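Remember, predicted model here, so these are calculated numbers, not experimental data. Note on naming: letters A, B, ... go to the chains in the order of the sequence lines (proteins, then strands), and numbering restarts at 1 for each one.
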2 protein chains.
Amino acid sequence: MGNRGPTLEDVAREAGVSRATVSRVVNGVRNVAPDIQESVREAIARIGYTPNQAARSLVTRRTGTVALVLSATGRSFTARVFSDPFFGRVVDGVLPVLRRRAIQPVLLVAESEQARAQLVEYLRQGGADGALVVPLDENDPLPSMLVAAGLPTVLFGRPRDGERCGYVDLDNPAGARLAAEHLWATGRRRPATIAAPVTAPTAEERLDGFREAFAAHGVTSVPVVRGRFTVDSGRRAMARLLKDHPGIDAVFAANDLMTQGACQYLREQGVSVPGEVAVVGFDDSVAARKARPQLTTVRQPVERMAAAMATLLVEQLDGARSGTAAKVFEPVLVVREST
Amino acid sequence: MGNRGPTLEDVAREAGVSRATVSRVVNGVRNVAPDIQESVREAIARIGYTPNQAARSLVTRRTGTVALVLSATGRSFTARVFSDPFFGRVVDGVLPVLRRRAIQPVLLVAESEQARAQLVEYLRQGGADGALVVPLDENDPLPSMLVAAGLPTVLFGRPRDGERCGYVDLDNPAGARLAAEHLWATGRRRPATIAAPVTAPTAEERLDGFREAFAAHGVTSVPVVRGRFTVDSGRRAMARLLKDHPGIDAVFAANDLMTQGACQYLREQGVSVPGEVAVVGFDDSVAARKARPQLTTVRQPVERMAAAMATLLVEQLDGARSGTAAKVFEPVLVVREST
DNA sequence: TTGAAAGCGCTAACAC
DNA sequence: GTGTTAGCGCTTTCAA
């Protein structure tokens with residue numbers, strides 16, 4: 001940068017006090033006479049002083065920033081992140097918590113092996129005080145790498161066995177059961193499901209929860225097709241399902257985007273929703289309300305979960321909480337027009 | 001953090017050399033005997049040394065990071081950013097350029113007045129060596145603030161008058177003309193357009209370019225409805241257009257998402273595309289190929305533009321280029337099924 | 001080719 | 001309340 005701006009020293013000289021006093025004023029420490037505070041502030045404004053963060057971090061060992069990391073291993077990673085409202089909701093939940101404490105949020109994307117290595121290196125060199133991680137794949141090595149690097153870390157989703165870090169999570173099996181029981185109660189007996197990719201952290205939890213609930217009612221065979229969380233993949237999955245299992249009367253999909261795609265396809269094929277086939281989504285994202293018919297869906301309070309994730313990390317940084325605190329949220333079924 | 005890890009000093013002692021020598025090895029400076037390099041590297045590995053970025057920045061005045069800033073003034077900002085593939089394309093273009101030079105990319109979002117202020121403060125305190133800015137609104141104050149703060153800045157889109165910073169841009173009027181001439185050449189005489197919000201940087205350029213081209217052919221009245229870049233707003237705009245101007249035979253929309261919405265609505269109303277109404281989009285995003293019919297669209301090479309933006313900044317940081325270098329790209333018309 | 005030493009700008013004891 | 005002073009961990013002349 002070459003940003004040779006004025007320093008504390010300059011302000012001190014200008015205001016006729018010592019560096020220490022200026023530092024106290026800048027950092028809002030009490031024990032400074034009001035009139036001196038005043039003159040220091042004036043001096044700062046007059047010469048346009050800005051603290052040097054590097055110098056500050058060097059002694060405090062703090063950066064005042066927290067990283068929000070989106071990590072995945074597959075291809076077209078950014079394409080997914082920037083077309084699924086889910087991540088926007090996470091950001092929406094995290095930002096206010098951090099802003100309130102004047103912590104600078106920085107978004108980091110780890111889209112490849114190399115990127116992950118660079119990112120960990122960056123963070124352990126002091127790029128941020130802690131990390132909030134949203135892993136898109138079950139076996140993402142990043143959380144372990146971060147924990148191993150000694151960085152305070154909180155995950156969106158349950159950590160793998162042995163990873164000692166904080167997390168927030170949704171009770172996914174419970175959510176899937178909610179969907180299943182609702183379908184059962186409304187008379188559906190031949191359900192199918194559009195599941196998440198096997199690599200998604202929540203995939204099997206939702207799938208198994210759904211199956212088990214129906215199994216408990218004696219329905220043991222539930223067809224499954226995998227989607228990729230996108231509207232388009234939902235359409236394709238629905239096409240497969242309809243072709244291979246024409247008798248189904250209900251569909252449960254692992255997120256609202258796929259559910260929307262499924263509905264689109266059903267409509268185009270002249271299959272009435274919910275008349276012939278009832279449909280239940282997951283997340284309760286904006287897509288759920290924009291779809292026609294509006295989607296019955298399992299609500300995941302993403303913003304609140306993200307906010308909790310940020311709060312957990314901040315409290316850990318303040319030393320007010322252990323590094324492995326967790327918070328699990330309960331899903332709620334939102335019944336709309338698709339069932 | 002409290003990350004009291006090993007320091008240069010420790011490595012020096014371990015390897016039996018001076019701090020200066022270790023520093024040279026770490027920074028890849030020549031003039032270090034091979035055997036000494038070897039033993040220093042061993043020592044580093046043995047004690048697990050990581051350089052402290054704050055200490056380094058303090059003397060070099062460099063952070064080795066570049067910020068990619070998404071800035072907007074309106075509501076539901078994150079909802080838009082994380083559902084429009086456009087931003088993913090920008091990220092896709094920027095990342096490889098930065099990674100190649102081992103520069104850490106950090107994404108910053110400026111979603112409010114307060115956020116913008118914090119962000120500028122963060123950056124001038126040395127949060128990054130430079131900024132790549134994608135302003136979503138015409139009158140975004142952020143670029144000026146950054147330039148005023150003395151931060152090397154490159155914009156996606158032309159800067160406002162008097163802002164002395166680098167930029168990349170698309171020749172938007174030319175793109176709109178491409179669309180108009182194509183529609184004219186294929187016999188369309190009653191065009192309408194779904195424009196961007198008046199606040200969008202490119203809105204009037206695309207709108208005027210389109211109008212002027214048709215005006216040159218004697219078609220002086222072109223109905224306009226404003227959308228908000230989303231599929232849904234495209235649907236609504238199309239509904240308005242069809243209601244108020246039932247005679248139109250062509251539609252030009254300011255991005256592919258709105259175009260997709262327009263097509264959906266037309267289909268649902270039983271209006272054939274391109275039979276009765278021809279449709280042209282803008283961007284050539286993935287949406288263009290996923291829509292049915294596949295969209296004829298004005299291609300904006302977003303990834304290449306973003307890569308150029310990053311390159312411009314990096315060259316400026318290297319001192320190899322002035323701070324006001326610009327690069328303007330030419331659009332191309334991609335003819336598919338919707339015209 | 002290597003080492004000694006001087007800071008980069010700031011905070012935090014510790015005196016006064 | 002305020003000033004003095006000693007570093008934080010690193011890069012970079014300058015000598016040797």
Side-chain angles (χ1 to χ4, degrees), chain A residues 1-41 43-44 47-65 121-122 124-127 129 150, chain B residues 1-41 43-44 47-65 121-122 124-127 129 150:
Chain A
M1 304 193 37
N3 195 359
R4 190 167 302 287
T7 72
L8 257 198
E9 185 81 48
D10 299 323
V11 178
R13 197 180 312 112
E14 178 80 10
V17 297
S18 72
R19 293 209 310 269
T21 298
V22 178
S23 175
R24 290 185 186 108
V25 173
V26 170
N27 294 294
V29 179
R30 74 252 118 238
N31 293 347
V32 177
D35 53 325
I36 296 217
Q37 282 194 38
E38 182 64 15
S39 63
V40 168
R41 277 187 221 296
I44 287 175
I47 69 180
Y49 166 72
T50 305
N52 177 317
Q53 183 57 45
R56 192 178 258 176
S57 293
L58 185 54
V59 30
T60 61
R61 299 170 174 289
R62 280 275 201 154
T63 65
T65 82
E121 191 60 5
Y122 172 68
R124 52 179 299 185
Q125 292 187 358
D129 297 331
Chain B
M1 308 194 27
N3 196 359
R4 191 166 301 286
T7 72
L8 259 199
E9 185 80 47
D10 299 324
V11 178
R13 199 179 313 113
E14 178 80 12
V17 297
S18 72
R19 292 209 310 269
T21 299
V22 179
S23 175
R24 290 184 187 111
V25 172
V26 170
N27 294 292
V29 178
R30 73 258 116 232
N31 293 346
V32 176
D35 53 326
I36 295 219
Q37 283 193 38
E38 181 64 15
S39 63
V40 167
R41 278 188 222 294
I44 288 176
I47 68 181
Y49 167 72
T50 305
N52 176 318
Q53 183 57 45
R56 190 178 258 177
S57 293
L58 185 54
V59 26
T60 62
R61 298 169 174 290
R62 282 274 201 154
T63 65
T65 83
E121 191 60 5
Y122 172 69
R124 52 179 299 184
Q125 293 187 358
D129 296 332

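Counting any heavy atom pair closer than 4.0 Å across all strands shown, Asn31(A) reaches a base atom.
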Checklist entry - Which letter, B, S or -, goes with each nucleotide of nucleotides 11-16 of chain D from 5' to 3', with contact meaning a protein heavy atom under 4.0 Å? => result BBB---
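Thr65(B) pairs by the side-chain hydrogen bond (donor to acceptor under 3.5 Å, both in side chains) definition with Thr63(B), not counting sequence neighbours. Scanning for side-chain contact (heavy atoms from CB on, under 4.5 Å) contacts around Gln37(A) gives Val25(A), Val32(A), Arg41(A), with sequence neighbours left out. Ala43(B) is linked by a side-chain contact (heavy atoms from CB on, under 4.5 Å) to Val11(B), Glu14(B), Ala15(B), Arg46(B), counting only residues two or more places apart in sequence or in another chain. Residues passing the salt bridge (charged side-chain N to carboxylate O under 4.0 Å, His left out) test with Glu38(B), sequence neighbours excluded: none. Applying the side-chain hydrogen bond (donor to acceptor under 3.5 Å, both in side chains) test to Ser23(B) and every residue at least two apart in sequence or in another chain returns Asn27(B). Residues meeting the side-chain hydrogen bond (donor to acceptor under 3.5 Å, both in side chains) test with Arg24(A), sequence neighbours left out: none.
Between Thr21(B) and dG3(C), a side-chain N or O to OP1/OP2 separation shorter than 4.0 Å is present. Residue Ser18(B) places at least one side-chain N or O under 4.0 Å from the OP1 or OP2 atom of dG3(C).
Residue Gly16(B) is the one, among Gly16(B) and Ala54(A), whose nearest nucleotide of DNA chain C lies closer to the 5' end (criterion: closest heavy atom).
Contact of the Val26(B) side chain with the Arg56(B) side chain is registered, since non-hydrogen atoms from C-beta on lie closer than 4.5 Å. Counting only heavy atoms from C-beta outward, the side chains of Asn52(A) and Thr7(A) never approach each other to under 4.5 Å.
Relative to the axis of its first five pairs, the axis of the last five pairs of the helix from dT1(C)-dA16(D) to dC16(C)-dG1(D) sits at 30°, rounded to 10 degrees.
What separates CZ of Arg62(A) from C1' of dC8(D) is a distance of 16 Å, to the nearest Å. Across the protein-nucleic acid pair, Glu9(B) atom CD and dC10(D) atom C1' stand 11 Å apart, rounded to whole Å. For the pair Asn52(A) CG and dT11(C) C1', the interatomic distance rounds to 13 Å; values are reported in whole Å. If you take CD1 of Ile36(A) and P of dT2(D), they are 4 Å apart, rounded to a whole angstrom. Between the CZ atom of Arg13(A) and the C1' atom of dG3(D) there is a distance of 16 Å, rounded to whole Å. Asp35(B) places its CG atom 11 Å from the C1' atom of dT1(C), with the value rounded to the nearest Å.
Rounded to the nearest 0.5 angstrom, Ile36(B) CD1 and Ser18(B) OG are separated by 8.5 Å.
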